Colleague: 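This structure is in structure tokens; I'll ask about it shortly.
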There are 2 protein chains.
Amino acid sequence: MPDKKISIRDIAEKSGVSVATVSRVINQNGRYSAETEARVRQIMEEYNYVPNLLARGLRQQQVPEIGIIVPDITNEFFGRLVVQIESELFEHGYTLTICNTNEDRMIERRYLEMIRAKQMCGLIRISHEHLREEELIDIPTVYLDRIPENIKYTGQCISVESDHEQGGYIATKELIKQGCRNVGIVLHDAEISTKAHEMRYIGYKRALEEANIEFDVKKVIRVKRADCQNGGRAALEFIERRGLPDGLFCTSDLLAVGALDEFLKHGVNVPRQVRIVGYDNISLAKMMMIPITTISHPEHTMVDITCRYFLSAFAKEESELQKKKRIVLPVELIKRETA
Amino acid sequence: MPDKKISIRDIAEKSGVSVATVSRVINQNGRYSAETEARVRQIMEEYNYVPNLLARGLRQQQVPEIGIIVPDITNEFFGRLVVQIESELFEHGYTLTICNTNEDRMIERRYLEMIRAKQMCGLIRISHEHLREEELIDIPTVYLDRIPENIKYTGQCISVESDHEQGGYIATKELIKQGCRNVGIVLHDAEISTKAHEMRYIGYKRALEEANIEFDVKKVIRVKRADCQNGGRAALEFIERRGLPDGLFCTSDLLAVGALDEFLKHGVNVPRQVRIVGYDNISLAKMMMIPITTISHPEHTMVDITCRYFLSAFAKEESELQKKKRIVLPVELIKRETA
DNA sequence: AGTATATGGGTAAAGGATTACTCATGAGAA
DNA sequence: TTCTCATGAGTAATCCTTTACCCATATACT
């Protein structure tokens with residue numbers, strides 16, 4: 001067990017120098033001789049000394065820590081984003097503090113206050129929540145994946161998202177390319193906030209139009225939650241009432257998984273009778289008995305841009321990222337066996 | 001955007017009282033009149049003041065923050081644990097700081113140093129890593145799920161884990177109960193650290209022995225990683241070379257998923273020809289075309305005990321938890337359609 | 001009346017690190 | 001020799017809160 005708490009003062013005393021010198025050694029700020037450094041380092045080692053980050057942060061009015069507001073870390077996509085950002089920032093000496101809101105705006109507000117109270121130096125928000133003037137924090141901010149509707153690009157911030165319209169478009173286009181002329185869609189109808197699925201829907205319609213396929217509302221099923229049950233129910237609806245499409249675009253992989261299972265259970269051959277394209281590239285998609293063709297987000301680029309933005313902002317560089325405030329990234333079709 | 005930084009001093013000045021009084025109001029420490037309180041609160045509101053937690057922590061030599069060392073937040077089981085603990089502790093005024101190590105011991109060490117440097121008040125470790133004396137931190141600690149082999153229950157700590165041996169036992173027993181006499185096992189052979197799967201194996205053997213079924217090494221397949229591919233490969237090995245068992249215990253759900261898919265692809269009827277029981281109760285297990293029977297961890301109890309331990313430790317209560325250092329919790333069979 | 005106690009609130013000392021200044025010494029230049 | 005400047009290192013202020021201690025005033029009790 002470590003000894004009682006050791007401060008920089010103790011180290012200074014034991015190594016016969018002033019606290020200023022010890023501080024310089026810790027921060028490698030020059031202004032000390034090699035012997036002094038060796039002595040100080042040895043004492044620090046010996047007493048297992050770790051500088052108090054609270055004191056340092058208090059003095060510097062900042063802490064190398066970035067808060068990330070995330071709706072649900074359990075969601076695979078968000079989880080992967082968080083882990084990648086964390087590890088990248090950690091390598092550069094920054095800590096990432098995860099604030100899981102569970103989609104609760106009050107919790108988000110409390111977390112934002114905490115981020116301010118802890119003098120963190122950066123903020124990432126995956127949240128549609130619109131904030132009041134006084135809730136904003138004046139630190140570099142990245143709006144990631146979910147962007148508030150009436151976002152104002154004032155202050156130090158950028159937004160990074162993927163192109164959902166294009167995603168819906170290329171998914172549908174792939175189905176058409178495979179010969180489908182009767183393309184349905186299972187659409188997550190996120191009432192409250194997220195426009196993402198609506199954009200995918202718009203892309204779907206654009207692809208249809210471009211191929212001169214008449215749009216048919218009968219082929220559109222809206223569901224309230226994007227999960228397997230609803231995917232299965234939608235498939236059943238097609239089977240029992242609306243008639244089988246030859247292609248089906250599901251705006252989320254979970255819907256696709258549920259639909260696929262349901263089709264198979266009813267002896268519908270996928271992809272022979274119905275081709276399916278999902279969205280999000282969750283790991284489950286490729287683990288299905290028939291691996292699901294899907295759209296994948298530019299995850300790595302999103303992470304990369306986010307981290308680069310912070311590093312350049314903290315270095316007070318004027319990078320090109322600072323200028324281009326709104327960044328929309330292309331998505332990618334992952335070709336597998338359902339389409 | 002909030003105004004320039006406001007300190008308690010500013011608030012004191014603007015409301016015509018001393019900083020001590022403002023501090024008392026903030027901390028509701030009595031010693032002020034109702035009018036004073038109202039005035040101070042109003043000024044704090046008006047200036048959108050948030051106390052600096054670094055200064056507070058520095059002064060109090062502690063911060064209401066608990067660090068959690070976790071191998072991979074992306075893993076569904078760990079993710080759920082973390083989210084539940086976070087939300088429970090947050091309700092009691094504590095922050096949870098997630099330290100994702102990606103199974104890298106150097107990263108864990110760096111995180112531990114950070115936890116010490118930030119004066120956090122509690123620690124949760126999901127890690128087999130054995131620490132040297134000087135790496136230990138003298139704060140309440142919960143070893144969760146993964147327990148270092150030669151753990152010493154000195155200082156303020158408890159360990160909370162589930163009973164893997166019992167899990168292996170009831171999984172196998174269920175198969176036997178369903179009439180299987182020829183029960184195989186796909187075993188994650190975690191060389192380095194985790195004894196969990198070995199314990200499940202021991203439980204498996206105990207169930208066999210109890211039912212007077214002769215143990216047969218031919219029915220044991222060890223794999224290096226617990227993923228779908230390996231599950232599939234193991235199933236294939238049974239199909240092509242070793243002969244089909246009538247029951248199969250997979251020590252992880254991912255193995256079970258892979259095996260199930262492979263069996264189905266080869267026209268093996270599950271559960272008619274082969275019954276399967278998995279382990280961990282991941283969400284994928286119930287989403288399969290044939291939902292997989294599995295063993296579920298006492299997740300909620302683990303979370304509950306962990307949080308209760310901290311709350312009582314911080315309140316300096318002598319709870320019964322402090323005494324019973326090693327806590328082993330029973331697991332549960334989730335009956336579905338593969339067994 | 002005189003003393004004890006409760007109430008409301010102020011003063012100033014931590015708490016640990018950083019950093020602007022200051023200073024002594026020695027080397028090199030004029 | 002004298003002046004300049006680089007080097008190594010110390011002093012003390014500062015960051016913002018909490019809190020031990022102190023001090024009036026008012027009330028209550030012999």
Side-chain angles (χ1 to χ4, degrees), chain A residues 2-41 43-44 47-65 93 113-114 116-121, chain B residues 2-41 43-44 47-65 93 113-114 116-121:
Chain A
D3 319 315
K4 277 278 119 288
K5 271 191 195 142
I6 299 289
S7 80
I8 198 175
R9 194 154 270 111
D10 302 306
I11 299 298
E13 208 168 294
K14 313 241 189 233
S15 39
V17 297
S18 71
V19 292
T21 300
V22 177
S23 174
R24 291 192 189 107
V25 170
I26 293 170
N27 299 290
Q28 309 192 53
N29 270 337
R31 311 256 110 186
Y32 50 81
S33 67
E35 306 96 274
T36 306
E37 168 165 15
R39 193 148 30 93
V40 171
R41 286 205 183 283
I43 300 284
M44 292 202 298
Y47 286 88
N48 191 20
Y49 166 71
V50 176
N52 184 321
L53 293 184
L54 299 179
R56 176 183 294 169
L58 177 60
R59 177 60 228 236
Q60 318 216 101
Q61 302 268 64
Q62 266 225 351
V63 146
E65 191 170 348
E113 195 171 299
M114 181 199 83
R116 194 145 77 88
K118 286 194 178 174
Q119 322 292 314
M120 294 188 192
C121 63
Chain B
D3 319 315
K4 276 281 121 278
K5 272 191 193 141
I6 299 289
S7 80
I8 198 174
R9 192 155 273 110
D10 302 306
I11 299 298
E13 210 168 292
K14 314 242 188 232
S15 40
V17 297
S18 71
V19 292
T21 300
V22 178
S23 174
R24 290 193 189 105
V25 170
I26 293 171
N27 299 290
Q28 309 192 53
N29 270 337
R31 309 254 110 190
Y32 50 82
S33 67
E35 307 96 274
T36 306
E37 167 164 16
R39 193 147 29 94
V40 170
R41 287 206 183 282
I43 299 284
M44 292 202 297
Y47 288 87
N48 191 21
Y49 167 71
V50 176
N52 183 322
L53 292 184
L54 298 178
R56 176 183 293 168
L58 176 60
R59 178 59 228 237
Q60 317 214 102
Q61 302 269 64
Q62 265 224 356
V63 146
E65 188 171 349
E113 198 172 297
M114 182 199 81
R116 194 145 75 89
K118 286 195 178 172
Q119 322 292 313
M120 294 188 192
C121 64

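Computed from a predicted structure; not experimentally measured. Lettering of chains follows the sequences in order, A, B, ..., and the numbering in each one begins at 1.
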Colleague: Would you kindly give the CD-to-P distance between A:E37 and D:dT7, to the nearest whole Å?
Modeller: 16 Å

Colleague: From C:dT18, D:dT19, D:dC16, pick the nucleotide closest to the side chain of B:A55?
Modeller: D:dC16

Colleague: Using atom CG of A:L58 as one end and atom P of C:dG16 as the other, report the distance to the nearest whole Å.
Modeller: 12 Å

Colleague: Would you mind reading off the distance between B:I8 atom CD1 and D:dC15 atom P, rounded to a whole angstrom?
Modeller: 15 Å

Colleague: Starting at atom CD of A:Q60, determine the distance to atom C1' of C:dG16, rounded to an integer number of angstrom.
Modeller: 12 Å

Colleague: Does B:R9 or A:R9 map to a spot on DNA chain C nearer the 5' end, using the closest nucleotide for each?
Modeller: B:R9

Colleague: CD1 of A:I11 versus C1' of C:dT18: gap in Å, rounded?
Modeller: 17 Å

Colleague: Of the candidate nucleotides D:dT18, D:dG8, C:dG8, which contains the atom at the shortest distance from the side chain of A:S33?
Modeller: D:dG8

Colleague: From the options D:dT17, C:dT18, D:dA9, select the nucleotide whose nearest atom is closest to the side chain of A:R56.
Modeller: C:dT18

Colleague: Any idea which heavy atoms bring B:V19 and B:I8 closest together, and the distance?
Modeller: O-CD1, 3.8 Å

Colleague: Please state how far atom CG in B:L54 lies from atom P in C:dG15, giving the value in whole angstrom units.
Modeller: 18 Å

Colleague: Could you check which of D:dT17, C:dG10, C:dG8 has an atom nearest any side-chain atom of B:S18?
Modeller: C:dG10

Colleague: Salt-bridge test for A:E35 and A:R39: reply yes if a basic N is under 4.0 Å from a carboxylate O, no otherwise.
Modeller: no

Colleague: So does A:R59 reach the base of D:dT14 with its side chain, donor to acceptor, closer than 3.5 Å?
Modeller: yes

Colleague: Grab the two heavy atoms, one from A:L54 and one from A:N52, that are nearest each other, plus how far apart they are.
Modeller: N-OD1, 2.7 Å

Colleague: By nearest nucleotide on DNA chain C, pick out whichever of A:N27 and B:R31 is the more 5' one.
Modeller: B:R31

Colleague: How would you label the contact of A:V22 with the nucleic acid (heavy atoms, under 4.0 Å): base, sugar-phosphate, or nothing?
Modeller: nothing

Colleague: In whole angstrom, what separates A:Y32's OH from D:dT7's C1'?
Modeller: 13 Å

Colleague: Which of the following nucleotides, C:dA17, D:dT19, D:dT18, is nearest to the side chain of B:A20?
Modeller: D:dT19

Colleague: NA contact type, A:S23, heavy-atom cut-off 4.0 Å: base, sugar-phosphate, or nothing?
Modeller: base

Colleague: Is the phosphate of C:dG16 approached by B:Q61 (side-chain N or O, under 4.0 Å from OP1 or OP2)?
Modeller: yes

Colleague: So if I take every side-chain heavy atom of A:R24 and compare against D:dG10, C:dT19, C:dG9, which nucleotide ends up nearest?
Modeller: D:dG10

Colleague: Output all residues satisfying salt bridge (Lys or Arg N to Asp or Glu O under 4.0 Å) with A:E13, sequence neighbours left out; order by chain, then residue number.
Modeller: none

Colleague: For D:dA9, does OP1 or OP2 lie under 4.0 Å from any side-chain N or O of A:T36?
Modeller: yes

Colleague: Let me see the working for A:R116 and B:N48 under side-chain hydrogen bond (donor to acceptor under 3.5 Å, both in side chains), right down to the final yes or no.
Modeller: CA-CA 11 Å; A:R116 194 145 77 88; B:N48 191 21; 3.1 Å; yes

Colleague: I want to check one thing: is the phosphate of C:dG16, taken as OP1 and OP2, less than 4.0 Å away from some side-chain N or O of A:Y49?
Modeller: no

Colleague: Can you tell if the side chain of B:Y49 reaches within under 4.5 Å of the side chain of B:I26, non-hydrogen atoms only?
Modeller: yes

Colleague: Using only side-chain N and O atoms of B:T21, determine if any of them is under 4.0 Å from OP1 or OP2 of C:dG10.
Modeller: yes

Colleague: Rounding to an integer number of Å, can you tell me how far B:I6 CD1 sits from D:dC15 P?
Modeller: 14 Å

